[in-house]
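Encoded as structure tokens, the structure appears first; notes follow it.
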Amino acid sequence: MVEVNGSATAMDATTTEEAMSYDKKCALTIPIARPLAPRKLSKKLYKCSKAAIKAKLVRRGTKEVARALRKGEKGFAIIAGDVSPIDVISHLPVLCEESKVPYVFVPARSDLGAAIGSNTPCSVLLVLKGEDFKDKYKECVKNIKELPSVYS
């Protein structure tokens with residue numbers, strides 16, 4: 001919290017709380033949650049997924065995303081990093097790599113669910129390419145591919 005003339009502003013307090021909560025969420029992620037999206041990329045991913053849900057170009061949930069990947073649908077995957085048990089999503093990064101679909105982990109299921117306007121937490125999203133949000137889509141894919149590789 002930053003003090004100005006002896007008093008702290010409320011906006012600075014919420015920014016600090018958000019930063020701390022993001023860092024705490026990152027600390028609680030599962031061991032395989034790599035590459036983990038930084039804070040700025042997470043916000044971009046949430047905005048893109050919100051636009052995609054309006055265009056109905058999202059596959060939501062482990063079963064639906066796995067089926068879409070096996071059928072050859074293309075896009076990018078956003079996987080929550082706090083899923084328990086880990087076996088629920090452990091096969092998804094492998095499926096994404098076999099299908100050549102970029103994927104990234106975000107710290108929390110609740111944030112992923114909230115991003116698409118759902119009260120229910122969401123474990124994984126597959127965002128498909130759409131004309132309505134193609135600039136956001138391209139920027140997200142570019143940023144995901146720039147993240148450090150898991151195997152290097």
Side-chain angles (χ1 to χ4, degrees), residues 13-152:
T14 57
T15 306
T16 306
E17 288 173 11
E18 285 176 12
M20 287 175 44
S21 66
Y22 182 85
D23 293 336
K24 286 179 183 177
K25 289 175 185 176
C26 287
L28 297 174
T29 59
I30 55 180
I32 66 164
R34 301 292 178 268
L36 187 63
R39 183 179 293 114
K40 284 185 179 180
L41 179 56
S42 293
K43 287 184 180 181
K44 288 179 186 177
L45 292 169
Y46 296 149
K47 287 179 183 177
C48 186
S49 61
K50 189 171 201 151
I53 203 80
K54 288 180 183 175
K56 302 210 184 291
L57 291 170
V58 171
R59 302 293 176 258
R60 177 178 184 239
T62 308
K63 187 175 180 180
E64 193 174 341
V65 169
R67 185 180 330 126
L69 288 171
R70 286 190 186 108
K71 287 185 176 182
E73 292 187 22
K74 297 294 181 187
F76 67 86
I78 308 170
I79 307 170
D82 64 345
V83 177
S84 178
I86 196 171
D87 297 338
V88 173
I89 59 158
S90 61
H91 64 288
L92 290 174
V94 176
L95 279 175
C96 289
E97 288 172 7
E98 287 175 354
S99 302
K100 294 184 172 68
V101 171
Y103 68 94
V104 67
F105 285 86
V106 291
R109 293 181 315 146
S110 56
D111 294 343
L112 192 56
I116 60 170
S118 173
N119 292 332
T120 308
C122 182
S123 299
V124 62
L125 289 179
L126 180 65
V127 179
L128 305 174
K129 192 173 185 175
E131 291 298 318
D132 299 341
F133 56 96
K134 66 180 176 183
D135 294 335
K136 289 180 185 177
Y137 178 87
K138 286 181 182 177
E139 185 179 356
C140 287
V141 169
K142 184 182 85 127
N143 288 337
I144 290 171
K145 288 182 178 179
E146 288 175 355
L147 290 174
S149 175
V150 179
Y151 302 109
S152 59

* Could you tell me whether the side chain of L41 reaches within less than 4.5 Å of the side chain of L147, counting heavy atoms only? => yes
* To do: For residues P107 and D23, determine if any side-chain heavy atom of one lies less than 4.5 Å from a side-chain heavy atom of the other.
  => no
* Atom CD1 in I53, atom CG in L125: separation rounded to 0.5 Å? -> 7.0 Å
* **Residue pair P93 / F105: nearest heavy atoms and the distance that separates them** => CG-CZ, 3.9 Å
* **Sub-4.5 Å side-chain heavy-atom contact between R59 and L69** => no
* To do: Taking the side chain as every heavy atom from C-beta outward, state whether R67 and K71 have any pair of such atoms under 4.5 Å apart.
  => yes
* Asked: About how many Å separate CD1 of I86 and OG1 of T29, when rounded to the nearest 0.5 Å?
  -> 9.5 Å
* **All pairs passing side-chain hydrogen bond (donor to acceptor under 3.5 Å, both in side chains) where residues 110-133 contributes a residue, at least two apart** => K25-D111, R60-S118
* Nearest 0.5 Å please: distance from the NZ atom of K44 over to the CG atom of N143. => 4.5 Å
* To do: Please test I79 against V106 for side chain to side chain contact (heavy atoms under 4.5 Å, CB included), starting from the C-alpha separation and ending with a verdict.
  => CA-CA 6 Å; I79 307 170; V106 291; over 6 Å; no
* Where do C48 and V127 come nearest, in terms of heavy atoms and distance? -> SG-CG1, 4.3 Å
* Does the side chain of I78 reach to within under 4.5 Å of the side chain of V124, using non-hydrogen atoms? -> no
* To the nearest 0.5 Å, what is the distance between CZ (R109) and OG (S84)? -> 8.5 Å
* Asked: Distance-only, no hydrogens or angles: does the Y22 side chain make a donor-acceptor pair with backbone N or O of R39 under 3.5 Å?
  -> yes
* To do: Measure the shortest side-chain to side-chain distance between F76 and L128 over non-hydrogen atoms and say whether it is less than 4.5 angstrom.
  => no
* Which pair of heavy atoms, one from Y103 and one from E97, lies closest together, and at what distance? -> OH-OE2, 2.8 Å
* Asked: In Å and rounded to the nearest 0.5 Å, what is the CD to CD distance from E73 to E64?
  -> 8.5 Å
* Structure fact -> One should read off an interatomic distance between S49 OG and K54 NZ, to the nearest 0.5 angstrom, of 11.0 Å
* Asked: Applying the side chain to side chain contact (heavy atoms under 4.5 Å, CB included) test to V101, which of V65, L92, V141, L126 qualifies?
  -> L126
* Quick one: closest heavy-atom pair of L57 and F133, and the distance? => CD1-CE2, 3.9 Å
* Side chain proximity check, I30 to I89, heavy atoms < 4.5 angstrom -> yes
* How about L112 and P121: do any of their side-chain heavy atoms sit closer than 4.5 Å? -> no
* Asked: For the side chain of K74 and the backbone of S99, is there at least one donor-acceptor N/O pair under 3.5 Å apart?
  -> yes
